[in-house]
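In each ligand, atom 1 is the first atom listed, and ligand 1 is the first ligand listed.
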Amino acid sequence: MKVLFYAAKVYDKKSFGNVLGQFPEITIDYIDPELEPRTAVLAKGYDAVCAFVSADVGAETLTILKDCGVMAVLMRCAGFNNVDVEKAKELGIIVKRVPGYSPESVAELAMALALAVNRRLYKAYNKVRENDYTLKGLRGVNFYGKTAGIVGTGKIGAAMCRICRGFGMRVIAYDVYQNPALSDFVEYVTMDELLAQSDLISLHCPLMDSTYHMINIESIKKMKDGVILVNTSRGALVNTQELIEGIRLNKFLGVGLDVYEEETGNVYEDRSDDIMEHSVTARLLAFPNVMITSHQGFYTLEALAAIAETTLQNLMDAKEGKRTPNDVA
Ligand code: NAI
C-alpha cells in the first residue's frame, strides 16, 4: 500500500523509518507541501495520505482525494478539528487518528509552561546570559498547596492531574464526563467553580463547537487575580483578543501557550524574516508574563515512536476494514 506523507519533517522520516520494517506491505513517499486543496491532487495513485495538525482536510480536499482514488486519511495526531468528518463519511473515505500516543508528553509540557511563566525562566535565562544577576521581575509563587483546575480529564488531562498532585496541589476538574481513574484525588466541580477557585488552569479538552472560545473575557473575569493559564490543547479554545484584554486587566500571573489561534501559518516554519503585520501573537509576546511555544507538546522520542507505529497500524486496519477506537470516519 502506498502512502503519500504530507508536510514531512526530518524527525517524521526518522520515526516512521524506524517502524516501517514492521509493515512490509507499506511504502511511504515523503513530500514537503501541506495537505490542502491545491496539493491534494498529488495523491493520485496513492492508497492513503498522511497529514498533521495544520493540514486542511476540509470538503474540497476530501473530494479531490476521493477523485484521486485515495481510500484513507491517516492523521498522525490526536486532534481532528481540521477534518470535515461528515464529508469524509459521505465520500466513504476512512479517517483514522492516534488518540493516546503519549499523554505525558503533552502534560509534561503543560507543567513546564506553567513553571516557566510562574518563575519567568525565559527572562532568567536571558538575564544570566547577559551577566545580569538581579532578581527583578522573577518573583513567582509556590505551586505546593495551591489549586490546579484541569479542564478535560481524558488521557492528557488525567496525566496533568497526576503531575499536579505530585506537586502537592489540590486538584479540581471540569469535564462533561468524570474519569473514574481519578476519583481518589480529583474533585469534579462546575466550570464556574473551577474558574473561581484555581491558581493554575490547564486546558485539555478537544476543540468543538461547544468548547470554541470557552476562555473569553466573561470566563477570565470569573478567574482569581494572579491565575496562571496554560493551553496545550487547541488555540481556538481561547479568544485571543479577549485574553489580551484580560492580561491588560492584570488578571494573570502568567500565560503559557503551546497552541494559539493564529498558529496555522506558523507551525514548524521559520518566519524570522517576516514582518507580521496584523499579528495578535506578536502583541501577546510583548507581555512579560506570556510564553508561547509552537505546538511541541507531542514532540518527545516516546510520542513520535508511538505515533509512527499506530499510524501505520491504522492503515493496516483500514485495509482490512477493521473498525477501531482510532476511527474518526
Ligand atoms: P481525550 O479525548 O482523551 O480527552 C478529552 C477530554 O475532554 C474528554 O474527557 C472529554 O470528555 C473532555 N471534554 C469534551 N468536551 C468538553 C467540554 N465541553 N468541557 C470540558 N471537557 C470536555 O483527549 P486527549 O488525548 O486527552 O487530548 C486532549 C486534546 O489535546 C486533543 O483534543 C488535542 O486537541 C490536544 N493535543 C495537543 C497536542 C500538542 O502537541 N500540543 C498533542 C496531542 C493532543
Tell me which one of Val53, Asp175, Thr300 gets a heavy atom nearest to atom 13 (N) of ligand 1. Asp175
Distance-only N or O hit between ligand 1 and Phe298, under 3.5 Å: yes
Any side-chain heavy atom of Lys89 sitting closer than 4.5 Å to one from Leu91? no
Thr211 N/O under 3.5 Å from ligand 1 N/O: no
Counting heavy atoms only, name the option from Pro206, Gly154, Ser102 that's nearest to atom 7 (O) of ligand 1. Pro206
Can you find a non-hydrogen atom of Tyr299 under 4.0 Å from ligand 1? no
Crowded around Glu60 CD? As in, over 12 foreign heavy atoms under 6.0 Å? no
Ion pair check, Arg38 and Glu36, cut-off under 4.0 Å: yes
What I want to know is whether Asp258 and ligand 1 share at least one N or O pair that is separated by under 3.5 angstrom. yes
Among Tyr101, Tyr177, Tyr174, Phe80, closest by heavy atom to atom 42 (C) of ligand 1 is Tyr101
Taking C-beta and beyond as the side chain, do Asp84 and Leu62 meet within less than 4.5 Å on heavy atoms? yes
If Ile, Leu, Val, Met, Phe, Trp and Tyr residues are connected whenever their side-chain heavy atoms lie under 4.5 Å apart, and connections chain through other members, are Val10 and Phe16 in the same group? no
Please say whether Val151 places an N or O atom under 3.5 Å from an N or O atom belonging to ligand 1. no
Please confirm whether Val259 comes within less than 3.5 Å of ligand 1 when only nitrogen or oxygen atoms on both sides are compared. no
Protein non-hydrogen atoms only, distance under 4.0 Å: does atom 34 (O) of ligand 1 have such a neighbour? yes
Could you give me the CA-CA distance, side-chain angles and deciding distance for Lys322 and Asp317, then say whether salt bridge (Lys or Arg N to Asp or Glu O under 4.0 Å) is met? CA-CA 5 Å; Lys322 233 191 245 173; Asp317 292 341; 3.7 Å; yes
Give a yes or no on whether the backbone of Val53 and the side-chain of Asn82 come within a donor-acceptor separation of less than 3.5 Å. yes
Non-hydrogen atoms of Val176 versus ligand 1: any pair closer than 4.0 Å? yes
Decide whether a cation-pi geometry holds between Arg165 and Phe185; the criteria are a distance under 6.0 Å from NZ or CZ to the six-membered ring centre and an angle within 45° of the ring axis. yes
Contact check, Pro99 vs ligand 1, heavy-atom distance below 4.0 Å: yes
Heavy-atom nearest neighbour of atom 39 (C) of ligand 1 within options Gln296, Gln178, Arg97, His295: His295
Report yes or no: does Met191 have a heavy atom closer than 4.0 Å to ligand 1? no
Is there any N or O on Thr232 that sits under 3.5 Å from an N or O of ligand 1? yes
Side chain to side chain contact (heavy atoms under 4.5 Å, CB included) partner of Val255, the single match among Asn289, Val117, Ile247, Val238: Ile247
Hey, does Lys155 come in under 3.5 Å of ligand 1, counting only N/O atoms on both sides? yes
Is the closest basic N to carboxylate O distance between Lys2 and Asp29 below 4.0 Å? no
Contact between Ser233 and ligand 1, counting heavy atoms under 4.0 Å? yes
Heavy-atom contacts under 4.0 Å between Leu109 and ligand 1: side chain, backbone, both, or neither? neither
With atom 28 (C) of ligand 1 as the reference point, say which of Arg234, Met214, His204 has the nearest heavy atom. His204
